[in-house]
Amino acid sequence: MDLRRKLPPRPPSSSSTTTKSVSVDRSTSPVPKASDALPLPLYLTNGIFFTLFFSVAYYLLHRWRDKIRSSTPLHVVTLSELAAIVSLIASFIYLLGFFGIDFVQSFIATSRGDECDDVDDSFDDSVVKEKPKPKVFINTKDPNYIPNIPKPKGFINTKDPNYIYEDDEQIVDDVVRGSVPSSSLESKLGDCFRAASVRRRALEITTGRSLLGLPLEGFDYEAILGQCCEMPVGYVQLPVGIAGPLLLNGSEYMVPMATTEGCLVASANRGCKAIFASGGATAILLKDGMTRAPVIRFATAERASQLKFFLEDSVNFDTLSVVFNKSSRFARLQNIQCSIAGKNLYVRFTCSTGDAMGMNMVSKGVQNVLDFLQNDFPDMDVIGISGNFCSDKKPAAVNWIEGRGKSVVCEAVITEDVVKKVLKTTVPALVELNMLKNLTGSAIAGALGGFNAHAANIVSAVFIATGQDPAQNIESSHCITMMEAVNNGKDLHVSVTMPSIEVGTVGGGTQLASQSACLNLLGAKGSNRESPGSNARLLATVVAGSVLAGELSLMSAIVAGQLVKSHMKYNRSSRDIASTV
Ligand code: ADP
């Protein structure tokens, strides 16, 4: 099926819309002027008519006085007086034109039905200006408003996915036929927006499916080039909700959460309220190091063991650090941990990475070390820079036990009163549910780092809002939630322990406008110049604090039997969230 429709005529190029001077042939000028009365220069014509006017006026006044003295009737005029009156009228009309009231011009124009305001006398007579185009005001409050003006090059009306400029028709056809690779559009066109629009159109034609609803405009495609996403055809919109204030380590944070799960933000918000009312939460960063573990194969297990001993010998650590740290001024090697499977060696390097999440940084450092080791171990065969002992984006006990990224523990004591009034439950009920659900239930299920109610919900929403890698939600959501009655069983001690929160505030998606705005809201945007790494560490503690809030609220909802009820309410209606607390 050919989805293409008849193309609209290409709008005039923008250059033709701007005000500019154009030469015109005076002989074809449509309107004669009073100053054209004599074939003389303008100043001479002016002089003659001024002199004529005042002389005939003087002459006629004298004649009028003489007639009064001699009692001659005024209407009796001689031929010379008649000529003087005609000259007076003619010169008067000329003088009116001199002062801006051109009777000749307006008389002729009126009789022709013309408007003459496109003639500008203030410039050279041989030059006229085009009439300036009226300004068009765009209603920025209405994102669907499309002004009726020539569209900029590459404009696509997102309401009409079949609209495309004639200019791009050929390239769309080339992509559809396969003679131009879709992936080469950015470099070929030199315009990322146009490349996305052409790719999108070609996609619609080849699949026969419309992308109406997937926005194209309103996104900076240059910002993702070579960094975040290849071959874009649009972008997905996600709402960002706010939970907070989260009172953490004495500071208040408004936590941005990008989610489409109704109830989630409202729930985290209620948890924040309980924490706030109880005096706040405390988060402690236990560890901060990103890992990468290549797999190296030898001919024998003995040779693999020799490299293991070499790498684990503290005598060699300083040399290896120097080699590793060349990858970045922020990379600092912390630890090397080896594991053997037969004649294969897995080497887990851990390093600090400043404010970056650090995967690129640690990989570069590992590559430096592998190149260096080739001198002493020429028989080593690097099978892969990642051998899954890292372990990235997969559930793995090594992350749960050793940690990866930031390891954080976060705690709060929620008073009995707040448990009752805000969380609508009791301390013993929460402690019991936590023991039977998050600890025993997860043990029965054979959970790996999943000793919690819904840490992944909060982690994902904050990750997406702040430009983190959502796939790292897997290990970043590892969490054990503990609840215990304290203060003679009156209050609730709640904690979340999260050993592998992988976050950064530079690199990847963190630099995009929306995500960067969310980081800014938390006061954790970009690189921290005074103390590199502290922005990323702050973000990790906020993630843990938000998880604590989410655990408190969901657990309370389950105890109170509100879970199904509130989901029915917030997944199906748009009522004000204030009524949830
Ligand atoms: P990742 O290693 O998380 O994939 P990138 O390699 O994309 O991240 O981003 C890290 C880049 O940001 C490096 O080039 C690094 O030099 C630079 N950078 C600037 N400021 C910082 C900082 N405070 N901490 C870490 N990296 C920083």
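Not measured: the values here are computed from a predicted model. Atoms within a ligand are numbered from 1 in the order they appear, just like the ligands themselves.
With a 6.0 Å radius and a threshold of 12 heavy atoms from other residues, nucleotides or ligands, E484 has its CD atom at or below the threshold. Other residues, nucleotides and ligands place more than 12 heavy atoms under 6.0 Å from the CD atom of Q374. Taking a 6.0 Å sphere around CZ of R177, one finds it holds more than 12 heavy atoms contributed by other residues, nucleotides or ligands.
Heavy-atom contacts of M357 reach the following atoms of ligand 1: 3 (O) (cutoff under 4.0 Å). Residue contact check: M361 has heavy atoms under 4.0 Å from atoms 2 (O), 25 (C), 26 (N) of ligand 1. Under a 4.0 Å criterion applied to the non-hydrogen atoms of G507, ligand 1 contributes the atoms 7 (O), 9 (O). Atoms of ligand 1 found under 4.0 Å from any heavy atom of A356 (numbered from 1 in listed order, with element): 3 (O), 8 (O), 10 (C), 24 (N), 25 (C), 26 (N).
Of the polar atoms of V506, none of the N or O atoms is found under 3.5 Å from an N or O of ligand 1, judged by distance alone. Inclusion of R329 in the set of residues having an N or O under 3.5 Å from an N or O of ligand 1 is not warranted. Geometrically, ligand 1 and Q227 share no nitrogen or oxygen pair separated by less than 3.5 Å.
Heavy-atom separations between G504 and ligand 1 are all 4.0 Å or longer.
From the protein, the heavy atom lying nearest to atom 1 (P) of ligand 1 is G358 N, 3.5 Å. For atom 24 (N) of ligand 1, the closest non-hydrogen atom of the protein is D355 N, 2.7 Å. The shortest contact between atom 26 (N) of ligand 1 and any protein heavy atom is with F330 CD1, 3.4 Å.
Ring geometry, F219 versus Y235: the interplanar angle falls under 30°, so the pair is classed parallel (tilted spans 30 to 60°).
Inside a 4.0 Å radius of atom 22 (C) of ligand 1 there is at least one protein heavy atom. For atom 14 (O) of ligand 1, the nearest protein heavy atom is 4.0 Å or more away.
For T353, every heavy-atom contact with ligand 1 shorter than 4.0 Å involves the backbone, none the side chain.
For D381, the salt bridge (charged side-chain N to carboxylate O under 4.0 Å, His left out) test picks out R297, with sequence neighbours left out.
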